[in-house]
Structure formats: structure tokens, C-alpha cells
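This report concerns only the one structure given below.
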Amino acid sequence: MKPSSFHATISVNSGKMKPYELFLWLACVALESLLLVRGWVSEWFRKYPFFFLYLACVFIQDIFFLMIYLFHFKYYAPIYWYGEFFSLVIGCCVAWEIFRLVLGRYPGAGRMARNMLLFALIMVLTKSLGDVWNGSVPWPGTAIELERNLRAIQALSLIVLASLSAYYEIPIGRNVKGIFIGYGLFVATSVMTLTLRASLGETFQAAWVFLQPFCYAAVLSLWSAALWRYEGAPLPEGQPKIEEDYQSVARVTRKGLHQARAFLGKAMRP
Amino acid sequence: MSGALILLAIALLLIGLLGLLLRRSDFASSPDASPLVSDAAAPSAYQAFEERRGELLDRIFGPDDWEFVLNHAPKRVQRLFLQERKEIAFYWLSQIRSLAKIAIRIHIAHSRKSAELRPVLELRLAIDYFMIRLKCSIVAAILWLGGPVALRRMVKQVGGLSDELGGMLELASKRDALQSETRVPR
């Protein structure tokens, strides 16, 4: 199987590297090192440990892969996939960290997220296992399909988080917002490119080897901009003046919505 | 192929939500944007609505004024009348929207920190809210296309059509029941 490399993708058909591929690869390494230095100097790695661990791993991988590619090309493909799945596992930790940073101070919304995520996972797994059992969809046979499916699960979890934080108007600081949006874009573009690669096959290979590292470089630029200056998390809200029971608040809301619906109905019917 | 389309849809949905999040956060962080409506705003909004409701609704959406203008005023006045009524109807609609919005925002402000939050109830309230928003959009589209007088006429026509359909279905089910009762056993 021909791998597109995870971060700075390089075609595997030949051992020769095209100039733009080398440029993308080196640009990614430069941006990663910039972010790591920034995290080290400002000690943000204490605040966002998994994010910086992820960056550090990817940085080491990129340099290691470049060496392998240039000097021991025949080992590149198998090593690439091991590195890819290792990054995927740490990526799950980054997703968890984003959940913690966004919803940590909101136990209610956090509980909603857990329930929705559990529901989504059960639905996806049930459907996938059902399809495999019926024989309508084969078990993911390639590393591309497996990675695509795992990235799709990550995408689902980020969809849950984005919907809840939008609905509950949860304030997010500049830095966390940057990490969240950057990682979300990376996961979304990975799902898209991997899906197209798995569906279209070799015809998409040429586009894949360019698109995936390009998207990753764009995400790294976004992270660099978001983490360039520190902006603390928004101040925690004070508790409501009167400690209100959730049920009674829900009852009042329902009454308000019912009233709005009744007014709307009145406008339509005499 | 359908699996691939679902995955692409998931990716696009995530990108869309992230864009929304980026925009919403920028808006929330602007200095003149108040984070949430205060609790005191709700009762006054309800009260103002109650006071205006009875007298205004029939004037805005009812056919009486329009029929009078249609019979006694020149075309120019008719156009002006329709234009002004449309504006008032849109304002009315925006009041309903803001009433629903105030209700849900107050709920969100209180519930997001609550540890005893109930997902099913939250989902139901969210669906209720979005249904009101959807209905408001449909009403706005009708108002934009046909004006306030058309709204009740259209609803009346749809109601009549649904009554007719209901009658036909009832008739059909009665006929089936009658046929099965009168079938001669062999």
C-alpha cells in the first residue's frame, strides 16, 4: 500500500522528492519547532500537556521520517503507518484535552456531551458491526480505511463538542479556541482526503500527497497565530443570584416557549 | 458509496460548526455585545406582549381593513397599506422570535452550570425552540411573498385541504370496513 505521509506527505512511487514536497515538509517542521519553542518558553505545555506532547511526537516523527525517506526508502511505508496510528492515539488524548478545557467548568454541558457522545458511538458501532455482519460493508481492509474510520469517530466527538459549546454559548479563550478549531480542521480534512483516497483509489493519490500536508501546514499556521500571545480563559461566571432549581427553570422556559408558539398560532388563525 | 458520502457529510458538518464557533466567539468577545439577556428582561417582554396581543393581531392579519381599503381607496393607497402592514407583521414576528430567544437564553444561562441537567428535557426544549424558529421562518416567507392577509387565507386553505383529506381517508376506511363485513364466506 502506498502511504501518503501523515504530516509532510511525499509520494512513494519514487524515492525522489519533488521540490514543493520538500518545502511543505520543511515548513511543517519549522512551524512545529516554532510552536514547541513557544510552548517551552511560556510554559504552556503545563496548561495543554497533551497538545504539546502531540506536537513533540509529530515533530520527532517528521524528522525521523525524513531521514528514513532520504536514506532508507524501502522502510518508509511500514514505518509510516506505525507512526500514523501512534499519532492517532495521541490525537485522541488531544481531543479529550479539548473537551476538558472547553467543558471543564460546565458540569451540566459536560454531562450532555458525554451522553451524546456515548449515544453517537453506540449508533456508529452498532451500524458498522451490523453492516459487517450482513456482509454489506467489508471490515476495513486497509490502513487508509481504518484510519479514516477512527478519524471519523474523532470528528463525531468534535461535532458534539462544537454543537454544545455553540448552543450553550460557552465562552472559550483565544488559545483554546485556536487549538480546538485547528485540530477540528485537521480531523475534518483528514476524513475528507482519506475518504476520497479510499473511494477513488489511485486516481486521487496525486491530489492526496499534496492536499494532506497542505492542510496540515495550514493548521500549523493557525495554531501558531492562535498561540502567539497568551490570552487567559474567560473569567468564570458567578453563580446566579438566586440558586434556582433546574426543574423550575426548565418549567419557566417551557412556559415561555409555549407562549411564543401560542402567539404565532394566533397570528395564523383568527 | 453511501458510506463515503456520510463521511464527507460528517467532515463538512464539522467544518461548518467550527466556522460558526469562530464567528460566534468573535461576536461574544466584542465589547458591546452583552453575553446574555438579564433575567429581568423576560417578564417585561411577556407583559408587553400580553398587552399588545389582543388588539393588534386581528388588525394586522385580519381581512377587514384590507377589504375596506380595497373597496374605497385608490391603487396607490392600497400598495402603501400592504407595505405598512407587512412591516408591522414582520415586527410582530421579530417580537415572537425574541420572546423565544429570551426564554431559551435564560434557560441556557442557568442550566449550563447545573449538575442536575437532564439531557432528554434539554433536547425537547431545544427542539421546541428550533421548531418555533422554523415556523417563524416559514411565516416570514409567506409574509414576504403574499403579505399579512395572505397568511390567514393560506392557513385556512391548508386547514380546509387537510379536513377534506381527513374526510376522504375516513370514508375510505369505512368503505374497507364495510367491504370486509359484507364479504360472503366461501
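Quick caveat, the model's predicted, so the values are computed rather than measured. We name chains A, B, ... by the order of the sequence lines, and we start the count at 1 in each one.
For B/Gln78 (side chain) and B/Ala73 (main-chain N/O), a donor-acceptor pair under 3.5 Å exists by modelled atom type. Remark: side-chain polar atoms of A/Asn175 are paired, donor with acceptor, to backbone N or O of A/Arg229 under 3.5 angstrom.
For B/Ala126, the parts sitting under 4.5 Å from any heavy atom of chain A are the backbone and the side chain alike. For A/Arg254, the parts lying under 4.5 angstrom from a heavy atom of chain B are both the backbone and the side chain. Contact annotation for B/Arg124: only side-chain heavy atoms (C-beta onward) come within less than 4.5 Å of a heavy atom of chain A. Heavy atoms of A/Ser165 lying under 4.5 Å from chain B belong to its backbone as well as its side chain. For chain B, no part of A/Leu194 is nearby; none of its heavy atoms comes within less than 4.5 Å.
Of the residues considered (A/Thr195, A/Ile159, A/Ile181), A/Ile159 shows the highest number of contacts with chain B, using heavy-atom pairs under 4.5 Å. Per-residue counts of heavy-atom pairs under 4.5 Å with chain A were compared for B/Leu18, B/Leu14, B/Leu123, B/Leu17; the largest is that of B/Leu14. Counting heavy-atom pairs closer than 4.5 Å to chain B, the top-ranked of the candidates A/Ala166, A/Ala152, A/Gly110 is A/Ala166.
Ionic pairing of A/Glu169 and B/Arg105 is present here: one or more N-O contacts between side-chain nitrogen and carboxylate oxygen are shorter than 4.0 angstrom.
In this structure, the side-chain hydrogen bond (donor to acceptor under 3.5 Å, both in side chains) partners of A/Tyr168, at least two apart in sequence or on a different chain, are B/Glu122.
Inter-residue side-chain proximity for A/Thr253 and B/Tyr129 is flagged as unmet; no heavy-atom pair is nearer than 4.5 Å.
Annotation: A/Trp223 is in aromatic contact with A/Phe51 [ring centroid separation under 6.0 Å].
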